[in-house]
Amino acid sequence: MDLTVDNISHRYGDMTALQQISFEVKGGEIVCLIGPSGCGKSTLLGIIGGLIAPTSGEVRLRGTAPAGSLNPLTYVFQDFALLPWRTVRGNVKLALEEHRLSRDEMRSRVDRALEMCGLVDFSEALPKQLSGGMRQRVGIARAIAVTPALLLLDEPLSALDAQTRDLLIEDLLDIFKREMATGVWVTHNLDEALRVGDKIVVLSRRPGKLKKIVSVDIDREKRTLPESAIEMARLHNELWSLIKEEAVMADREVAHA
Ligand SMILES: Nc1ncnc2c1ncn2[C@@H]1O[C@H](COP(=O)(O)OP(=O)(O)OP(=O)(O)O)[C@@H](O)[C@H]1O
Ligand SMILES: [Mg+2]
């Protein structure tokens with residue numbers, strides 16, 4: 001499905017968090033949101049997901065959800081948000097319980113999500129028995145169990161070490177491809193944004209304004225190859241120079257607050 005973010009502004013009381021943000025995400029694309037801490041990335045994701053009503057502006061979804069979709073969009077959070085007393089299977093099932101499904105459909109959806117996320121052997125484990133990477137796989141399995149058209153990811157890999165993050169990026173990209181899902185992916189990590197994003201939306205420090213949209217016009221499969229190294233480095237430099245000033249200023253504002 002296509003997503004249009006049209007002139008979104010948001011205030012919390014007297015504080016302006018977001019100012020006039022517009023961009024488009026085409027069906028099957030992944031768009032990354034980057035910007036300094038507190039610039040309103042999670043707020044924007046919440047507005048896109050319908051959890052927060054914006055002060056002004058509009059979010060539109062166009063097109064048809066995939067066959068069997070129970071929810072057009074779902075979230076993957078940084079802190080996994082798992083129920084500690086439920087098994088892996090029970091946590092994935094959680095997303096389906098509000099829908100009236102037969103036992104067979106419930107089971108086949110959970111099995112499919114567990115399989116896609118490499119969790120089949122862990123289905124009866126409790127979250128505390130799992131590594132951080134495995135826990136996040138449960139969060140992802142829960143999100144895809146409903147066959148969403150649009151996945152909203154709020155720093156899904158930030159709590160993980162670098163190697164686990166790299167592994168999970170590849171698996172997430174496979175999932176996006178198999179599900180033909182569209183994504184809005186918030187991250188602090190420029191390399192992550194450059195690995196997964198078709199476009200990277202750079203926000204300024206608070207109040208978050210659109211600073212630039214950077215397109216990554218290299219096939220995902222080719223981005224890690226030596227032949228792409230120069231162009232990838234150029235894009236990295238461009239992104240870094242865009243956010244460096246914002247990050248430094250944001251840091252000072254926090255320090256003086
Ligand atoms: N419910 C709320 N009520 C009041 N202010 C809020 C609320 N949620 C967020 N804020 C403030 O709005 C601003 C934007 O917050 P938000 O969490 O969207 O930023 P962010 O870019 O996701 O930050 P981070 O990079 O730290 O995750 C921050 O100054 C934050 O303190
Ligand atoms: Mg955030």
Side-chain angles (χ1 to χ4, degrees), residues 3-23 25 30-59 73-82 132 135-136 139-140 142-143 148 150-162 164-165 168-169 172 182-197 199-214 236 239-257:
L3 168 76
T4 303
V5 173
D6 187 4
N7 211 17
I8 291 287
S9 297
H10 193 68
R11 278 198 309 275
Y12 290 112
D14 292 341
M15 195 270 284
T16 302
L18 291 169
Q19 219 167 33
Q20 295 175 321
I21 309 281
S22 298
F23 60 89
V25 188
I30 300 175
V31 165
C32 288
L33 291 179
I34 64 170
S37 193
C39 75
K41 302 179 293 297
S42 296
T43 301
L44 185 53
L45 211 61
I47 290 170
I48 294 170
L51 301 179
I52 301 171
T55 308
S56 63
E58 199 177 52
V59 172
L73 39 87
T74 50
Y75 273 95
V76 179
F77 293 104
Q78 174 185 356
D79 61 2
F80 320 135
L82 303 181
R135 270 184 250 165
Q136 187 55 299
I140 296 163
R142 191 169 56 194
L150 183 62
L151 270 170
L152 304 174
L153 304 110
D154 198 350
E155 304 199 40
L157 309 177
S158 297
L160 307 175
D161 65 81
T164 308
R165 192 162 62 210
L168 215 45
I169 284 181
L172 264 166
T182 310
V184 183
W185 181 318
V186 173
T187 178
H188 271 113
N189 186 310
L190 298 190
D191 292 317
E192 190 176 307
L194 282 167
R195 179 77 192 91
V196 304
K199 283 186 277 188
I200 301 171
V201 172
V202 185
L203 299 180
S204 72
R205 66 187 184 276
R206 200 179 73 203
K209 296 188 218 100
L210 189 72
K211 197 166 166 84
K212 184 151 187 197
I213 299 177
V214 175
H236 193 284
L239 287 175
W240 175 231
S241 57
L242 284 166
I243 67 163
K244 189 161 76 176
E245 191 192 48
E246 300 295 330
V248 169
M249 298 296 281
D251 210 32
R252 287 184 187 157
E253 279 165 14
V254 173
H256 292 156

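Counting starts at 1 for both ligands and their atoms, following the listed order. No experiment lies behind these values; they were computed from the predicted model shown. What you see below is based on every heavy atom in this structure, not just the backbone, and it leaves out hydrogens, waters and symmetry mates.
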TODO: Look at atom CD of Glu58 and say whether more than 12 heavy atoms of other residues, nucleotides or ligands are closer to it than 6.0 Å.
DONE: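 Yes.
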- [ ] Check whether more than 12 heavy atoms from other residues, nucleotides or ligands sit under 6.0 Å from atom CZ of Arg206, and answer yes or no.
- [x]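 Not buried by this count: 12 neighbours or fewer within 6.0 Å.
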Task: Pick from Arg206, His188, Met15: the one approaching atom 12 (O) of ligand 1 most closely through a non-hydrogen atom - done: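 Selected option, by shortest heavy-atom distance: Met15.
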Open item on the list: Measuring from atom 13 (C) of ligand 1, which candidate in Ser158, Cys39, Gly38, Gly35 has the nearest non-hydrogen atom?
Closed with: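 Among Ser158, Cys39, Gly38, Gly35, the closest heavy atom to atom 13 (C) of ligand 1 belongs to Gly38.
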TODO: Using modelled atom types only, decide if a donor and an acceptor are shared between the side chain of Glu246 and the backbone of Arg205 within a distance under 3.5 Å.
DONE: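 Yes, the answer is positive, given that a donor and an acceptor are paired below the 3.5 Å cut-off.
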Open item on the list: List ligand 1 atoms under 4.0 Å from Glu155, heavy atoms only on the residue side.
Closed with: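 Contacts of ligand 1 toward Glu155, numbered from 1: 25 (O), 27 (O).
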Task: Ile34/Leu242 under side-chain contact (heavy atoms from CB on, under 4.5 Å): CA gap, chis, key distance, verdict - done: CA-CA 10 Å; Ile34 64 170; Leu242 284 166; over 6 Å; no
Do me a favour and list the nearest non-hydrogen protein atom to [atom] with residue, atom name and distance?
{"atom": "atom 16 (P) of ligand 1", "answer": "Thr43 OG1, 3.6 Å"}
{"atom": "atom 1 (N) of ligand 1", "answer": "Tyr12 CE2, 3.6 Å"}
{"atom": "atom 19 (O) of ligand 1", "answer": "Gly40 N, 3.2 Å"}
{"atom": "atom 17 (O) of ligand 1", "answer": "Ser42 CB, 3.8 Å"}
{"atom": "atom 25 (O) of ligand 1", "answer": "Lys41 NZ, 2.8 Å"}

Open item on the list: Below 2.8 Å, can you find an N, O or S atom of Ser42 next to the Mg ion (ligand 2)?
Closed with: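 Yes.
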[Y] side chain reached by [X] side chain, heavy atoms, under 4.5 Å:
{"X": "Leu153", "Y": "Leu172", "value": "yes"}
{"X": "Leu168", "Y": "Ile140", "value": "yes"}
{"X": "Leu18", "Y": "Ser9", "value": "no"}

Task: Any N/O pair Ala17/ligand 1 closer than 3.5 Å - done: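 The answer is no, given that Ala17 and ligand 1 share no N or O pair closer than 3.5 Å.
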- [ ] Give me the ring orientation class for His10 and Tyr12: parallel if the planes are under 30° apart, tilted from 30 to 60°, perpendicular past 60°.
- [x]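 Plane angle over 60°, so perpendicular.
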Task: Heavy-atom protein neighbour under 4.0 angstrom from atom 27 (O) of ligand 1 - done: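 Yes, there is a protein heavy atom closer to it than 4.0 Å.
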